[in-house]
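Worksheet: the structure to be examined is printed underneath.
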Amino acid sequence: MHDKILIVDFGSQVTQLIARRVREEKVYCEIVPFQKAEEAFLRMRPKGVILSGGPASVLDKEAPSAPQAIFSAGIPVLGICYGEQIMAQQLGGKVEGGHHREFGRAEVEITEDSALFEGVWTKGEKYPVWMSHGDRVTKLPDGFRALGKAANSPIAIIGDETRKFYAMQFHPEVVHTPHGAALLRNFVRRISGASGDWTMRAFRDEAIEKIRAQVNANGGKGKVICGLSGGVDSAVAAVLIHEAIGEQLTCVFVDHGLLRLAEAQKVVSLFRDSYNIPLVHVDASETFLKALDGVDDPERKRKIIGGLFIDVFEAEAKKIGGAQFLAQGTLYPDVIESVSFTGGPSVTIKSHHNVGGLPERMNMTLVEPLRELFKDEVRALGRELGLPEAFVGRHPFPGPGLAIRIPGPVTPDKVKILQFADEIYIEEIRRAGLYDDIWQAFAVLLPVKTVGVMGDSRTYDYVVGLRAVTSTDGMTADFYPFDMAFIGTVATRIINEVKGVNRVVYDVTSKPPGTIEWE
């Protein structure tokens, strides 16, 4: 068995970045909401525990807390932001509010040597960090020393070297804290002693065993249907499940009429020809487009599409003889943005069509083997499974498809315009050798028309927005800095070749404050 790190989630929007940093060290970790932390702690028997940040105040009457068992187990514990404050309070220290709030960049000065800083930070030096807090620790628990200070946090880093308890007011997991990943590495590898032997090969083997155990419980041979969307996630999930249970799996590829140009043919060819996986191809485009007619609210679009997917799967499950399981390529970011891990403190950003369970009438159980993985980890798993690089390396594509890249009502004509514009954009990106440098690139058909001139004639046509971002996990992103000559080339081609478009713009919004997709 692999060494594990438990991350107790108190609702921070960046808790998942802690998991990313831990996994970069090839150490397995799980994020568990604080309400279920004690149960997970006993189950996992981790080498160390990390307490996340969160939006609550430890001074609130019903403030979330960490299980006392974690502090009594004799293993290392690291508290981050709220995690620092709750650790200090539960161990006998004092936390106060009403002081200077601190959000954004700051500097910490290291005042003591510590195992946490070994090879990273030096006593007496100052280093940039990223703060996000209102409360602060004002009295240390017994056994702790102050290890660092900041202008508005006199006790910014604390530690009990004997018990291997450490905590910090800032967020080491974000890129805005330049040495944060190294600090987390020290805690995970040196202080907790976790061995870095968790690999995609290991995940693959363990996932296969879990799938078999779930599907073939009680000696049965359950049937599984897996929904293919045309994206990497569902494809990797399907190939992984097929390795585990073979012919017990049937893939259902629903063409909802909102796919990229020629997407359906590519997916069908890959699965039927390359993998010989049983595949049902359902052309439901007319059904989906009719249901979306006149709908302009993005949440309603997602819910309509999600509901219709379920209806199609339900019908196909009956046709193949009553499948007991529905497989989906749900990832961590899908779950993060859809559901508050803590049942309250964190904030839902948007719903995802493949998150939130199934209608009771289906009487089917979800199989979600990728639910704990980030996108780059799914790609690594896809390579481990032997999927073609051209498929594994594809940019993310949302389950609701082009419906959420057409703000406002969706029509067949709009879909056709966007498909061709998007195809030209991606073609030019590949031609320029930039595709693998970009996390995600796509075109958006804006819900406005503008006046233009073509061949001495007045036009009144749509505007296409171009989006391209760099990222590692989809949780944060920056726009890609194209040369403007490239943007000009793409714009000229789209306007000349796609009927109905007379203007092209480029989106230079980062995430946050924007999301990567427009809806």
Qualifying ring-ring contact (aromatic ring centres under 6.0 Å, His included) pairs with a residue from residues 231-271, counting only residues at least two apart or across chains: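 Counting only pairs at least two positions apart or across chains, the ring-ring contact (aromatic ring centres under 6.0 Å, His included) contacts touching residues 231-271 are F253-H281, H256-F288, H256-F309.
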
For [Y], is there an ion pair with [X] - N to carboxylate O distance below 4.0 angstrom?
{"X": "E519", "Y": "R405", "answer": "no"}
{"X": "R20", "Y": "D376", "answer": "yes"}
{"X": "R383", "Y": "E389", "answer": "yes"}
{"X": "R503", "Y": "D461", "answer": "no"}
{"X": "K266", "Y": "E263", "answer": "no"}
{"X": "E427", "Y": "R430", "answer": "no"}
{"X": "E423", "Y": "R260", "answer": "no"}
{"X": "E384", "Y": "R379", "answer": "no"}
{"X": "K210", "Y": "E206", "answer": "no"}

So with a 6.0 Å cut-off around [atom1] of [X], is the heavy-atom count from everything else above 12?
{"X": "E286", "atom1": "CD", "answer": "no"}
{"X": "R43", "atom1": "CZ", "answer": "yes"}
{"X": "E39", "atom1": "CD", "answer": "no"}
{"X": "F325", "atom1": "CZ", "answer": "yes"}
{"X": "K449", "atom1": "NZ", "answer": "yes"}
{"X": "D60", "atom1": "CG", "answer": "yes"}

With distance as the sole criterion, is a donor-acceptor pair present between the side chains of [X] and [Y] under 3.5 Å?
{"X": "D233", "Y": "Q328", "result": "no"}
{"X": "D283", "Y": "S285", "result": "yes"}
{"X": "T470", "Y": "D478", "result": "no"}

Test log, rule side chain to side chain contact (heavy atoms under 4.5 Å, CB included), inputs L381 and L373: CA-CA 10 Å; L381 178 59; L373 296 185; 4.0 Å; yes

Atom pair CG (L326) and CD (E368), whose distance is rounded to the nearest 0.5 Å: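 If we round to the nearest 0.5 Å, L326:CG and E368:CD are 8.5 Å apart.
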
I495 side, atom CD1; T459 side, atom OG1 - distance, nearest 0.5 Å: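 It comes to 9.0 Å.
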
Residue of the set I7, T15, I80 for which side-chain contact (heavy atoms from CB on, under 4.5 Å) holds with E173: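 Among I7, T15, I80, the one that satisfies the side-chain contact (heavy atoms from CB on, under 4.5 Å) with E173 is I80.
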
Side chains of I241 and P369 in contact at under 4.5 Å (non-hydrogen atoms):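 Counting from C-beta outward, I241 and P369 do come under 4.5 Å.
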
Beyond-backbone contact of T250 with I277, side-chain heavy atoms, under 4.5 angstrom: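 Counting from C-beta outward, T250 and I277 never come under 4.5 Å.
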
Which heavy-atom pair separates [X] from [Y] by the least distance, and what is that distance?
{"X": "D255", "Y": "A264", "result": "OD2-CB, 3.8 Å"}
{"X": "L258", "Y": "F397", "result": "O-CZ, 3.7 Å"}
{"X": "A443", "Y": "D422", "result": "N-OD1, 2.9 Å"}
{"X": "R23", "Y": "Y28", "result": "NH2-CE1, 4.5 Å"}
{"X": "P278", "Y": "E247", "result": "CG-OE1, 3.5 Å"}
{"X": "I417", "Y": "K499", "result": "CG1-O, 3.7 Å"}

Polar side-chain atom of Q440 near backbone of H395 as donor-acceptor pair, under 3.5 Å: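 Not a single qualifying donor-acceptor pair exists.
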
Test log, rule salt bridge (charged side-chain N to carboxylate O under 4.0 Å, His left out), inputs E299 and K303: CA-CA 6 Å; E299 283 297 289; K303 286 179 169 57; 3.4 Å; yes

Candidate pair E243 and R204, rule salt bridge (charged side-chain N to carboxylate O under 4.0 Å, His left out), full reasoning: CA-CA 10 Å; E243 273 208 9; R204 166 187 173 174; 2.8 Å; yes

V22 and I50: CA distance, side-chain angles, deciding distance, side chain to side chain contact (heavy atoms under 4.5 Å, CB included) verdict: CA-CA 10 Å; V22 174; I50 300 176; 4.1 Å; yes

Parallel, tilted or perpendicular: rings of F10 and Y82 (30°, 60°):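 Rings of Y82 and F10: tilted, as their planes differ by 30° to 60°.
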
F442 ring center near Y425 ring center (under 6.0 Å):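 No, the ring of F442 stays outside the 6.0 Å limit from the ring of Y425, centre to centre.
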
